[in-house]
Amino acid sequence: MASIHPSAAVDKDARLGEDVTVGPFAVIEAGAEIGDRSEIGPHAYITKHARIGSEVRVFKGASVGTDPQDL
């Protein structure tokens, strides 16, 4: 079962694997897929385009699935 901080915003259509941890103020959009035993840090932003594998750590403030800052 996922452990989601009460202040995190996780869309009901996001797919979270077993034992996923989501930190405070993290945002996970509909369509995002996060593998088993992964950890999403505080203030992380995971877009609908993200496909994250198992046992992955996304650190605080990271954006996954967005355009890069510098093209």
Side-chain angles (χ1 to χ4, degrees):
M1 183 162 98
S3 173
I4 301 171
H5 192 277
S7 67
V10 179
D11 192 279
K12 64 179 178 59
D13 293 325
R15 292 181 223 135
L16 303 182
E18 294 293 319
D19 299 321
V20 170
T21 301
V22 181
F25 304 106
V27 176
I28 302 176
E29 293 183 343
E33 296 179 15
I34 301 173
D36 298 340
R37 297 171 304 283
S38 290
E39 181 180 334
I40 308 302
H43 297 277
Y45 178 58
I46 312 297
T47 73
K48 63 184 177 183
H49 304 291
R51 304 294 174 264
I52 298 172
S54 297
E55 300 180 14
V56 173
R57 291 180 67 196
V58 176
F59 289 90
K60 62 183 178 182
S63 293
V64 179
T66 60
D67 290 332
Q69 289 180 315
D70 185 5
L71 297 173

Is a donor on one side and an acceptor on the other found under 3.5 Å between the side chain of S38 and the backbone of G53? yes
Under a 4.5 Å cut-off applied to non-hydrogen side-chain atoms, are D19 and D36 in contact? no
Do I40 and Y45 sit in the same hydrophobic cluster, where Ile, Leu, Val, Met, Phe, Trp and Tyr count as joined when their side-chain heavy atoms come under 4.5 Å apart? no
Minimum heavy-atom distance D13-D11, with the two atoms named: N-OD1, 2.7 Å
Please tabulate, for side-chain N and O atoms in residues 55-67, each donor-acceptor pair with protein atoms closer than 3.5 Å (sequence neighbours left out).
| unit_1 | atom_1 | unit_2 | atom_2 | d |
| --- | --- | --- | --- | --- |
| E55 | OE2 | R37 | NE | 3.0 |
| E55 | OE2 | R37 | NH2 | 3.1 |

Closest approach of A8 to G23 (non-hydrogen atoms, all atoms of both residues): CB-O, 3.5 Å
Side chains of H5 and S7: do they bring a donor and an acceptor to under 3.5 Å? yes
Donor-acceptor check, side chain of E29 to backbone of T47, threshold 3.5 angstrom: yes or no? no
Shared ILVMFWY cluster between I4 and I52, side chains joined below 4.5 angstrom? yes
